[in-house]
Structures are given as C-alpha cells and as structure tokens.
Amino acid sequence: MAIRFELPEQQEGVVAFGYSPLLETVLSLHVLAVPKHHALQHGWVRAMRALPASLRREITTLSFLYRYTLPDFILPTADSGYDDFDAEIRRVRGLRTEVVAFDLLRRLYDHGGGARPARRRILASPEVRAVTLRNAGALGPQTRRAAALIFDDPARIVDRFLSLLEAYWEEAFAAEWERIEPKLAESVEQSGRQIARDGMHAFLLSLVPQLRVDPGGRSFGLDVPHNHRVPIGPKSPLLLIPSVYTWPHVRINCDAPWPLSVVYRAPFLVERLRQATPPQLVQLLKALGDPTRLRILGLLAKQPRSTQELAPLVGLTEAGASKQLRLLATAGLLTTKREGYYVVYSLQAEKLATLSDELRSLVGSG
C-alpha cells in the first residue's frame with residue numbers, strides 16, 4: 001500500500017509554495033513528543049524543559065494528536081497569503097467541529113485510503129472508538145480520557161488542542177518563529193529557483209530516500225499503509241512547504257478537504273550538514289575509531305558527566321579520561337560547561353546528526 005501523487009505532463013501552474021507558523025508550532029510539539037528521533041532539534045528539546053509544569057503535562061497528555069502524524073487542518077492553503085499565527089488559529093476555529101474532530105481522530109485511526117469515509121458514521125462506530133481508545137491507552141490513562149472526548153465532546157477536545165497551541169506559542173514558539181521565518185522564506189525562493197532551473201523531478205530526487213520517486217519522476221509519494229493515488233493539476237495543486245522541525249521526515253497529505261501537500265526539510269538544514277570539510281571528517285572518524293571513546297560517548301548520551309565521573313566508569317585515570325575527552329571535544333562531538341570546580345561534558349547533538357544511523361547507534365544516541 002502506498003500514497004502516490006501523479007504529476008501531469010504539463011506542470012506549469014500545478015505547484016505552489018507556502019510555510020506556516022501554526023504548522024511549524026505543531027511540528028515542534030512532535031519533536032518534544034519523540035525527542036530521541038530529532039537530533040538536530042536537541043537544543044529545542046533541552047530549552048523546553050523550562051516550560052511551566054502544567055503546560056508540559058498538557059503537551060504530554062495531548063501528544064497523541066502529533067506523536068505519530070499531524071492534523072491536516074493545520075496546513076496552510078495553496079491560495080492564501082502567508083498568514084500569521086493568530087490568523088491561522090482563527091481559520092481553524094471557524095471550521096465545523098465535526099470536520100476538525102474527524103481529522104483529530106485520524107491521528108489514532110486511519111481508514112486506509114480509497115473511498116472517502118462518512119465522518120458521522122466513523123465517529124459513531126463502536127469499533128472505531130474501541131480501536132482509538134486502545135491506541136490512546138498505550139500512552140497512558142490521561143491520554144485515553146482525552147482521546148475519548150473526540151467521540152463524547154468533540155468541541156471540547158478541539159478547543160483544548162487549540163488552547164494548548166496558543167499557550168505554547170505565547171510561552172515559547174513565537175520567539176522561535178521570529179528566528180526561523182526568514183530562513184523559511186529564503187527556502188521558498190531557493191526551492192523555486194531549483195525547480196525553475198532543473199525541473200520538478202530533480203527537486204523530488206533531493207528528498208530521497210524519505211520520499212519515494214518512481215521511475216520517470218511523474219509519480220511520487222510514501223510507502224505507508226494508506227492506499228491512495230492522487231492526480232495533481234491546476235484545480236488541485238501541490239503545496240510545497242519547507243520546514244525546520246519536520247527533519248528528518250518528509251510529510252505529505254493526500255486527503256480532501258485539506259491541501260495536497262509535501263512538507264520537506266528546509267534546504268539550509270541540508271547545507272549546514274554538508275559543511276564539514278574532508279580534514280574535519282577525518283578528524284571526526286579518528287575520534288570515533290576507538291572503543292574507549294565510543295564507551296565515553298555512550299555514557300554521555302545518557303547524561304552529561306564530568307571527567308571525575310567518567311574515569312572510573314571506563315577504567316581510566318582522570319588524566320587518561322581527560323585526554324580522551326579533549327580528543328572528542330576537538331572533533332566537535334562534545335560541548336563543555338563549567339559547574340564550580342568541575343567541567344561537565346555533553347554530546348553535541350548537531351554534530352551527531354551528521355553521522356550515519358549505524359554510527360549513531362554505536363554512540364547510543366539514535
């Protein structure tokens with residue numbers, strides 16, 4: 001089973017670009033829900049430990065809405081301007097409650113594609129309710145109770161979710177949006193130039209392997225348990241959305257009434273990871289090519305530690321441990337922070353993100 005978009009032979013006017021503060025807000029919540037899958041955003045994860053306890057609890061309770069997939073109603077439209085966060089929240093609050101609640105349901109229950117399902121029939125189905133609450137229950141009893149509101153009080157769960165987004169935006173993400181919005185605007189221009197210069201096929205290939213591009217380049221999508229083939233055309237354009245917080249994923253939507261879309265990693269993220277020069281790469285690989293240093297990295301993957309803590313754990317003197325830590329820090333794998341008498345070492349998440357999955361698994365940060 002798979003989702004496939006099908007491009008027409010004449011592709012003029014079938015592609016649009018956009019980016020969205022609301023979408024990026026929810027993507028960052030996904031990062032907080034599964035932090036160990038998002039090494040590039042580790043700094044954000046650490047910073048969000050300072051959020052008020054009540055807000056962190058609500059983020060955890062409602063994580064079923066963004067832990068696996070994201071609600072499609074948060075997507076920007078292909079024919080609107082670049083709206084601010086408040087305008088996007090107003091747009092969502094203006095939607096029919098049944099439509100939004102059904103989209104929230106699909107974070108825990110998927111109809112599998114094919115014919116468009118009847119929302120009211122699905123929401124009233126005891127079988128669907130049982131599957132949904134079983135899936136939500138795996139995340140804890142409070143999450144299960146929250147998921148039950150989709151069936152019992154849909155207006156309440158919709159308002160609760162949007163209120164969470166507003167509180168999180170005001171507390172933390174508004175400032176982050178000011179930082180990343182210019183970079184996303186630049187990403188739109190860069191991707192547009194690439195498509196104009198090299199064609200849509202070349203752009204799609206830049207998203208491999210997360211995106212599957214079929215031979216010939218006219219068909220592309222994801223291999224997921226949702227069967228849907230969707231033609232792209234002037235009346236149903238494809239919206240391309242660069243993102244900072246979608247990394248390392250590519251996300252797509254193929255279901256009406258929401259925009260057909262591909263959310264992809266912003267090009268500047270890829271460029272930043274390619275900036276290591278060959279000598280730096282050699283230094284990095286040398287630092288990793290020692291069993292003791294790998295053990296040190298594995299211990300630091302669990303928590304920051306000082307030289308005095310690490311030395312007995314890896315069977316070295318403090319002087320020997322200090323030497324190994326200096327090599328790892330020089331390679332850019334560690335950061336340091338002085339805490340009184342001690343120097344505390346931590347993993348450098350962005351550097352680790354440049355490693356292959358196999359190397360990250362050896363380090364223990366995958």
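For reference, positions follow the sequence shown, starting with 1.
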*Does a salt bridge link E339 with K337, judged by any charged N lying under 4.0 Å from a carboxylate O?*
yes

*Is it true that the side chains of S20 and E88 contain a donor and an acceptor less than 3.5 Å apart?*
yes

*Got a salt bridge between K183 and E186, using NZ or NE/NH1/NH2 to carboxylate O under 4.0 Å?*
no

*Trace of the salt bridge (charged side-chain N to carboxylate O under 4.0 Å, His left out) decision for D153 with R160*: CA-CA 11 Å; D153 194 346; R160 187 170 166 183; over 6 Å; no

*asked:* Under 3.5 Å, is there a donor on one side chain and an acceptor on the other for Y264 and S191?
replied: yes

_Is it the case that the side chains of Y245 and E176 hold a donor-acceptor pair, with the cut-off being a distance below 3.5 Å and no angle test?_
yes

*Between NE2 of H30 and CG of L32, what distance do you get to the nearest 0.5 Å?*
10.0 Å

*Which residue, L238, I195, L184, I241, forms the side chain to side chain contact (heavy atoms under 4.5 Å, CB included) with F17?*
I195

*Does Q308 use its side chain to pair, donor to acceptor, with the backbone of Y342 at less than 3.5 Å?*
no

*For the rings on H249 and H37, is their centre-to-centre separation under 6.0 Å?*
no

*Hey, are Y19 and S187 close enough side-chain-wise for a donor-acceptor pair under 3.5 Å?*
no

_Sole candidate of I150, I122, T69, D255 that passes side chain to side chain contact (heavy atoms under 4.5 Å, CB included) when paired with R106_ = D255

